[in-house]
Amino acid sequence: MLKKNFFKRKADIVAKELLGKILCRRIDGKVLKSKIVETEAYFGEDDPASRACKGKNKISEMMWESPGKILIYNVHKYKMLNFITGKEGEASAVLIRALEPLNFKARTSGPGLLTDSLKIEKTFHGESIFELKELFLENSNEEFEIIESSRIGVSKDLPVKLRFYIKDNNFISKK
DNA sequence: CATATGATGGACT
DNA sequence: GTCCATCATATGG
């Protein structure tokens, strides 16, 4: 189980360290485990791709909340799963883009697909990852190589590599 | 294999 | 109406 301090750092650091961690989803008494294989970091006012850059609104205000909270929002008919990072009062978050299913089969190679497969609903929005029994994280000691690249699907991006994924993993949303 | 395009729905101007 | 942190399908090489 990860502690609050884990998320209380810069979004890009947390995004990198979340790779390889195990995301657990409890449904009807069964625990579906999946490895996080792809993430993206989002900042606040300085990030043109971030929802927070134009100030607060219904979705982005959660980015100023305390680290470890869950932020869910829709793009088209899909939902995005984010974790709040950084100190409280600073807008930043990490988007989970892809998972590798460990003890079940599902399509999770994309941010919209993985939330569908894990039945992650908007009811998780605003909850803290430390307090939930239906959704939590497990640590992992696996070693792997991290690749950095530009973010995907963003109209205005920073000239910084803020997308991170595990090298040679087959569940990355795009290669 | 690659790139292009349309469907989709919520939030905002 | 417009803007998207998407996806599945269609088309061409």
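First the proteins, then the strands, lettered A, B, ... as listed; each starts at 1.
- Distance from the side chain of A:L113 is smallest for C:dA8 among the nucleotides C:dA8, C:dT6, C:dA5.
- Looking only at atom types and distance, the side chain of A:R107 has no donor-acceptor partner in the side chain of A:S117 under 3.5 Å away.
- Here the P atom of nucleotide C:dC7 and the CZ atom of A:R97 are 7 Å apart, to the nearest Å.
- Here ring pair (Phe, Tyr, Trp, His ring centres under 6.0 Å) pairs that include residues 79-109 of chain A, with residues two or more places apart or in two chains, are A:F7-A:F83.
- Both A:Y78 and A:K122 sit near DNA chain B, but only A:Y78 has its closest nucleotide nearer the 5' end.
- A:I152 and A:L81 fall into different hydrophobic clusters, where Ile, Leu, Val, Met, Phe, Trp and Tyr are joined by side-chain heavy atoms under 4.5 Å apart, directly or via other members.
- At whole-Å resolution of the value, CD in A:E40 and C1' in C:dT6 are 12 Å apart.
- The CZ atom of A:R163 sits 12 Å away from the C1' atom of C:dA5 (whole-angstrom rounding).
- In this structure, A:K77 places its NZ atom 12 Å from P of B:dA7, rounding to the nearest Å.
- Interface remark: the A:Y73 side chain does not form any donor-acceptor pair with the B:dA11 base, using a distance-only criterion of under 3.5 Å.
- Taking 4.0 Å as the cut-off between side-chain N and carboxylate O, A:E148 and A:K161 do not count as a salt-bridged pair.
- Around NZ of A:K8, the count of heavy atoms belonging to other residues, nucleotides or ligands within 6.0 Å does not exceed 12.
- Between the NE2 atom of A:H76 and the C1' atom of C:dC7 there is a distance of 9 Å, rounded to whole Å.
- The heavy-atom pair separating A:F171 from A:P101 by the smallest distance is CE2-CD, 3.7 Å.
- Counting to the nearest Å, the P atom of B:dT13 and the CG atom of A:N57 are 8 Å from each other.
- Remark: A:R26 pairs with no residue by the side chain to side chain donor-acceptor pair (under 3.5 Å) rule, at least two apart or across chains.
- Note: CG (A:N74) to P (B:dG9) measures 10 Å, nearest angstrom.
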DNA chain B base-pair string [pairs: Watson-Crick or G-U under 3.5 Å; |: paired with another strand]: |||||||.||||.
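- Rounded to whole Å, the distance from NZ on A:K79 to P on B:dT8 is 16 Å.
- Listed nucleotides B:dC12, C:dA8, C:dA5 differ in distance to A:K58; the shortest reach to its side chain belongs to B:dC12.
- One finds no side-chain N or O of A:R151 lying less than 4.0 angstrom from the OP1 or OP2 phosphate oxygen of C:dC4.
- Closest to the side chain of A:L95, out of B:dA11, C:dA5, C:dC7, is C:dA5.
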